[in-house]
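Accompanying notes for the structure given below.
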Protein chains: 2
Amino acid sequence: MAAHEPATLDSVAARAGVSRQTVSNVLRHPARVAEGTRERVLAAIRESGYRASLPARQLATRRAHAIAVRAERQQDGISGLVLDAFYHGLAEAGQDNGLRVVLYAQPADEAAELEIIDDLVQTGAADAVVLTATSADDQRPAYLAGSGTTFCAFGRPWGHDDEPHDWVDVDGALGTGLAVQHLLGLGRRSIAYLGWPGDGAEPSTGSDRRRGWLEAIDEAGLGTPVEIHSLNDAAAAEAAVSTLLAGADAPDAIVCASDTLALGAHRAAVAAAGGGTPTTVVGFDATPVAAALGLVSVAQPIDQAAHLCIDLLTARFESPDRPARGVLVPPVLHLPA
Amino acid sequence: MAAHEPATLDSVAARAGVSRQTVSNVLRHPARVAEGTRERVLAAIRESGYRASLPARQLATRRAHAIAVRAERQQDGISGLVLDAFYHGLAEAGQDNGLRVVLYAQPADEAAELEIIDDLVQTGAADAVVLTATSADDQRPAYLAGSGTTFCAFGRPWGHDDEPHDWVDVDGALGTGLAVQHLLGLGRRSIAYLGWPGDGAEPSTGSDRRRGWLEAIDEAGLGTPVEIHSLNDAAAAEAAVSTLLAGADAPDAIVCASDTLALGAHRAAVAAAGGGTPTTVVGFDATPVAAALGLVSVAQPIDQAAHLCIDLLTARFESPDRPARGVLVPPVLHLPA
DNA sequence: CTCAAATGTTTGAGCGCTCAAACCGTAACG
DNA sequence: CGTTACGGTTTGAGCGCTCAAACATTTGAG
């Protein structure tokens with residue numbers, strides 16, 4: 001049963017009574033081969049348990065048929081993008097497209113990371129990279145674009161519209177908009193926003209989420225809304241929200257830019273309520289923490305985003321010079337079980 | 001600056017005025033090359049920006065210099081092994097040992113997974129596999145051992161001591177023991193255990209954690225301890241613990257087999273306390289959820305475990321027939337910030 | 001002064017595949 | 001009936017590396 005000498009293109013060819021190249025054609029360009037021959041070859045392949053050698057193929061085609069993605073260094077934060085799902089999505093979509101996913105460990109700084117990426121690409125270990133957690137002051141996209149490395153970012157090129165590249169991102173504004181809709185449906189009328197510092201200025205993930213909240217409030221014709229800001233830290237958020245809730249213009253609901261902020265806000269709300277019903281808090285990211293606290297949270301369709309990244313990359317492999325494309329995916333509201 | 005035709009062994013050799021093989025030796029077996037030659041070659045390598053082609057190397061050595069690991073399908077559970085950290089650890093340790101990490105998507109069932117693994121190994125995409133989340137009724141270790149595939153499991157071969165293999169696991173008994181020590185230090189004297197169904201019988205992760213609790217209790221000379229069981233579900237755990245706390249033998253602390261159980265237990269404790277100080281709950285896994293709730297939890301040293309997996313694999317690559325080895329790593333108690 | 005053993009370096013072959021070009025029948029056309 | 005065209009197939013070369021063996025050169029012993 002076990003073929004000891006692993007089958008090669010040549011051994012299969014001999015068995016089927018054809019040439020090496022014909023076997024290859026059966027696998028890669030079936031149309032080129034006559035029906036009868038094809039079947040004979042397929043039978044030989046099946047009988048011998050032939051598996052094409054990836055390295056040989058890579059060497060001949062000069063393509064790795066693999067993409068690289070960073071394995072995030074342990075971030076002890078409560079929320080933040082949980083990448084497990086993203087990795088699974090990439091691997092799954094990759095499998096469907098003949099791409100393997102290779103992981104590289106996040107190094108200390110961006111320079112070191114760019115070195116690793118170069119290495120991966122130049123040694124032929126990967127054809128392209130998927131960038132995660134991109135931010136406005138990220139050096140990586142510009143560098144990769146400059147060095148001609150194929151890549152797709154999960155995250156928009158905030159404020160870098162000059163040097164465009166392929167990207168996929170979640171529509172944060174839509175997410176906070178959904179949160180507001182939900183709260184309006186619940187009868188809330190004074191819906192505050194808890195965002196990150198610097199939210200209002202430069203384009204960023206934070207400003208995007210804030211905008212969604214603001215637009216939804218405006219659209220509903222509610223008065224001037226309250227907004228506060230805090231570093232992405234539960235304790236800091238708790239303090240900020242405590243102050244807010246103790247004040248005169250205490251809202252009856254708070255939309256947060258992250259689940260970490262939401263956790264702090266929720267704690268403050270519970271404390272302020274003193275046994276009563278706390279102010280409703282909506283989070284962002286739908287992490288297990290939000291679920292554990294019973295909070296509504298905006299969920300990013302990570303799996304879909306991963307599939308789209310692969311789609312963009314395969315499309316680019318086919319036409320390397322096509323214009324850069326960006327895709328925005330809609331989030332959904334996660335209600336606790 | 002940019003070398004257009006990527007440098008090869010031959011181009012570097014020509015530049016240094018030596019043969020192809022000498023350049024290869026400088027890289028792989030520096031001792032074989034005379035000092036002067038070596039330096040000349042290294043200079044040529046540096047100047048030309050040479051990077052060894054991985055596929056070519058793989059083809060010639062018949063080694064992929066890569067290991068495969070499963071990308072877990074989205075598990076919506078609150079706790080459970082957070083693999084992000086494991087992936088990072090593997091990638092990091094792999095980089096130090098010249099091993100890349102390739103991801104494969106968890107398929108619908110074990111049979112499909114074994115097929116994927118076979119494929120990865122037979123096509124030369126990976127030399128070995130790291131198995132995660134192994135359980136007692138897992139088919140994978142036996143199959144892989146049978147098919148001669150090199151692998152290392154993160155998880156002990158519970159009840160399968162007959163077919164031994166390399167593994168790394170966290171000492172669960174030690175973990176729950178630490179939890180008990182901690183509670184004793186806090187002055188608790190009636191420390192219950194909330195475990196999974198079937199804890200007591202067959203060897204398993206659950207029975208191991210339970211044993212640690214029990215032994216620590218016995219050692220402290222406390223009376224017959226209370227233990228209850230629940231499926232790994234927060235709602236179910238909450239119900240079970242509510243009943244327990246309402247009864248006559250309500251404990252003053254509860255050690256849980258997971259953070260999911262701990263979440264349920266904590267909810268029940270808060271409810272039962274009615275505003276007072278709730279019964280102390282200790283979790284297992286130190287997930288963000290436990291941190292968010294302010295619970296003490298047993299943390300698995302995931303990063304260390306990943307490094308050990310790589311160590312075991314590299315050792316096995318060197319001596320394929322050495323006896324199987326298992327390593328137990330000690331967890332640590334995580335106190336909330 | 002000769003021969004064998006180190007030491008350092010090169011040569012030849014081959015890993016298993018794909019590309020491009022060459023080849024070979026047979027059908028279609030003038 | 002010769003010529004062109006074309007589907008189907010094979011041949012030759014090469015991708016960039018490592019292995020083993022062959023080859024120089026130096027060195028130390030007899």
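Residue numbers start from 1 in every chain, and the chains themselves are labelled A, B, ... in the order their sequence lines are given, proteins ahead of strands.
Put simply, B/Thr37 has a side-chain N or O that comes within less than 4.0 Å of OP1 or OP2 on C/dT9. Of the side-chain N and O atoms in A/Ser24, one or more sit less than 4.0 angstrom from OP1 or OP2 of C/dT18. A sub-4.0 Å separation between OP1 or OP2 of C/dG8 and a side-chain N or O of B/Thr22 is absent. Under 4.0 angstrom from either OP1 or OP2 of C/dT18 there lies at least one side-chain N or O belonging to A/Arg57. Residue B/Thr61 places no side-chain N or O under 4.0 Å from the OP1 or OP2 atom of D/dC19. Residue A/Ser53 has no polar side-chain atom (N or O) positioned under 4.0 Å from OP1 or OP2 of C/dG16.
Closest contact between the side chain of B/Ala34 and the listed nucleotides C/dG16, D/dT10, C/dG8 involves C/dG8. Taking only side-chain atoms of A/Arg62, from C-beta outward, the nucleotide of D/dG16, D/dT9, C/dT18 with the closest atom is D/dG16. Nearest nucleotide to the side chain of B/Asn25, out of C/dT10, D/dC17, C/dC19: C/dT10. Of the candidates C/dG16, D/dT18, D/dC17, the closest approach to any side-chain atom of A/Ala60 belongs to C/dG16. Of the candidate nucleotides C/dC15, D/dT11, C/dT9, D/dT11 has the atom lying nearest to any side-chain atom of A/Gln21. Among D/dA13, D/dT9, C/dC15, the nucleotide with an atom closest to any side-chain atom of A/Arg20 is D/dA13. When each of D/dT10, C/dT10, C/dC17 is scored by its nearest atom to the side-chain atoms of B/Val18, the top-ranked nucleotide is C/dT10. Picking from D/dT18, C/dT18, D/dC19 the nucleotide with the shortest atom distance to the side chain of A/Leu9 gives C/dT18. Among the nucleotides D/dC17, D/dT9, C/dC17, the one closest to the side chain of A/Thr8 is C/dC17.
A straight line from CG of A/Asp10 to P of D/dT11 spans 11 Å, rounded to a whole angstrom. Rounded to a whole Å, the CD atom of A/Gln122 is 15 Å from the C1' atom of D/dG16. In this entry the distance linking CZ of A/Arg28 with C1' of C/dT18 reads 10 Å, nearest Å. When the P atom of C/dC17 is taken as reference, atom CZ of A/Arg63 falls 18 Å away, rounded to whole Å. To the nearest angstrom, C1' of D/dT18 lies 12 Å from CG of A/Leu59. Following rounding to the nearest Å, B/Gln58 (CD) and D/dC17 (C1') show an atom-to-atom distance of 11 Å. C/dG8 atom P lies 11 Å from atom CD of B/Glu35, rounded to whole Å.
In this structure, the side chain of A/His160 engages the main chain of A/Ala136 through a donor-acceptor pair within 3.5 Å. Formation of a donor-acceptor pair under 3.5 Å by the A/Thr37 side chain with backbone atoms of A/Val33 is not found in this model.
For B/Glu115, the CD atom counts as loosely surrounded, since its 6.0 Å shell holds 12 or fewer non-hydrogen atoms of other residues, nucleotides or ligands.
Side chain to side chain, B/Asp138 and B/Tyr143 fail the donor-acceptor criterion of an N or O pair below 3.5 Å.
If you check distances only, the side chain of A/Arg32 never reaches the base of D/dT9 with a donor-acceptor pair under 3.5 Å.
Relative orientation of the A/Phe151 and A/His165 rings is tilted, given thresholds of 30° and 60° on the angle between their planes.
A cation-pi contact, defined as under 6.0 Å to the ring centre and within 45° of the axis, is absent between A/Arg100 and B/Tyr104.
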